[in-house]
Amino acid sequence: MTDKMKSIKVFAPATVANLSCGFDVLGCCLDTVGDEMMISITPTPGIRITKIEGADLPLETHKNVAGVAVEALLDAYNNPTIGVDIEIYKKIKAGSGIGSSAASSAGAVWAVNHLLGTPFSNQELVAFAMEGERLASGNAHADNVAPALLGGFTLVRSYTPLDVIKLHTPQDLVMTVIHPQIEVKTSDSRSVIKEKVTLKEAIHQWGNVGGLIAGLYTEDYELIGRSLEDVIIEPLRSILIPEFENVKKAAMSQGALGCGISGSGPSIFALSKSMDTATKVATAIREVYNSTGLDFDIHVSTINNQGIKIIS
Ligand code: HSE
């Protein structure tokens, strides 16, 4: 045991990436589901994962997404006298498609940065947290870590150089997410995507990305709904998700604005204009899944405009 200098406990939120049309660039942050992490700055150099509860994940720093993300931060901070102890209380299941690895990576770097007196900007924290995503999926995508760190809806305008924008979040939006208890690894789910898209598909998709962002800023809920459409990834990935089409039909029949795959799946999200509609959507999609015999979780959440929060 090392002597603790300073500790904080944070809530590291789940996130919904892609939002149908924005593969690898769009995401948003949830309120009601997330991990908890206790982060301590210690006088003993090195990064130690001292406890993990709720999941069977590696304690070795180099194999743990929080460990490598903090390592990237400490490399940039360049103060070899500093050590970090990390306790992780997982509430988000691995392979669920609601940003489990991102929550750990983002929560850890945000908390360390806070304890160090915020030497880094949020943009820089996104880059460190992306190292956790690289370890988890082989690809350093930012569409989960950005909304976890910045809150609300986020856009990755560019990866080279990294340019992450926090978007406007209309107050009335509520997310319903169903998580079927089958594990779909992001790396597997990425392997079914084709490398090339046609110009026709690209035109369709970037029209929707623009439409979704315009809809968020003008709080035009119909436009948001029309823009939640994915002609490139969803047709390929949805076959990995039991009852995807029936869940979508059920969600839309209850008045959801739109419905699609959450991140790389298997979770499915539906976005609605009110808590009342989102709750009806939850009931309808629960009925669809009850018939499958599969275990599942359902989350209903407002959009978390703050991102990571200090609990204690
Ligand atoms: N954009 C990533 C993907 C998100 O769809 O593979 C993973 O949660």
Side-chain angles (χ1 to χ4, degrees), residues 12-30 33-35 55 57 65-66 69 90 92-107 126-127 129-150 153-160 162-165 167 175 177-180 182-195 197 201 205-206 208-209 212 228-241 244 258-269 271 297 299 301 304 307:
T15 44
V16 173
N18 298 339
L19 296 169
S20 296
C21 53
F23 178 71
D24 275 1
V25 300
L26 289 174
C28 76
C29 187
L30 302 184
V33 52
D35 296 341
L57 293 168
V65 298
K90 287 302 288 181
I92 312 171
K93 297 197 175 80
S96 56
I98 50 171
S100 181
S101 53
S104 299
S105 310
V126 170
M130 284 166 68
E131 293 307 314
E133 296 294 67
R134 191 192 307 283
L135 177 69
S137 70
N139 183 278
H141 58 93
D143 50 343
N144 290 108
V145 293
L149 284 162
L150 275 58
F153 286 81
T154 55
L155 167 73
V156 185
R157 190 206 57 82
S158 159
Y159 275 91
T160 47
L162 187 64
D163 186 3
V164 177
I165 322 283
L167 305 170
M175 199 59 101
V177 178
I178 179 162
H179 171 215
I182 50 168
E183 187 175 349
V184 175
K185 289 208 174 88
T186 299
S187 49
D188 292 340
S189 179
R190 290 184 84 89
S191 70
V192 303
I193 299 168
K194 54 185 185 181
E195 277 292 313
V197 298
E201 290 167 329
Q205 203 86 348
W206 60 51
N208 279 323
V209 173
L212 181 51
L228 288 170
E229 183 193 28
D230 175 6
V231 297
I232 295 174
I233 313 290
E234 184 179 295
L236 299 169
R237 279 185 168 172
S238 57
I239 51 175
L240 302 172
I241 305 173
F244 177 78
C259 177
I261 303 171
S262 175
S264 55
S267 288
I268 304 167
F269 79 91
L271 196 58
D297 292 327
H299 310 287
S301 175
N304 168 358

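Counting starts at 1 for both ligands and their atoms, following the listed order.
Ion pairing between a basic and an acidic side chain is recognised when a charged N comes within 4.0 Å of a carboxylate O; Asp297 and Lys93 show such pairing.
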Please tabulate, one line per pair, the protein nitrogen or oxygen atoms found under 3.5 angstrom from a nitrogen or oxygen of ligand 1, with distances to 0.1 Å, or say none if there are no such pairs.
residue  : atom  : partner : partner atom : Å
ligand 1 : 1 (N) : Asn18   : OD1          : 2.9
ligand 1 : 1 (N) : Asp24   : OD1          : 2.5
ligand 1 : 1 (N) : Asp143  : OD1          : 3.3
ligand 1 : 1 (N) : Asp143  : OD2          : 2.6
ligand 1 : 5 (O) : Asn18   : ND2          : 2.8
ligand 1 : 5 (O) : Arg237  : NH1          : 2.7
ligand 1 : 5 (O) : Arg237  : NH2          : 3.4
ligand 1 : 6 (O) : Arg190  : NH1          : 2.7
ligand 1 : 6 (O) : Arg237  : NH2          : 3.0
ligand 1 : 8 (O) : Asn144  : OD1          : 2.9

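Every residue meeting the side-chain contact (heavy atoms from CB on, under 4.5 Å) condition with Asn139, not counting sequence neighbours, appears here in chain and number order: Asp24, Ser137, His141, Arg190.
Atoms CD and CD1, from Gln205 and Ile233 in turn, are 7.0 Å apart once rounded to the nearest 0.5 Å.
Using a 4.5 Å heavy-atom cutoff, the side chains of Leu212 and Cys21 are in contact.
In this structure, the side chain of Asp35 does not engage the main chain of Lys90 through any donor-acceptor pair within 3.5 Å.
With no hydrogens or angles considered, a side-chain donor-acceptor pair links Ser101 and Glu133 at under 3.5 Å.
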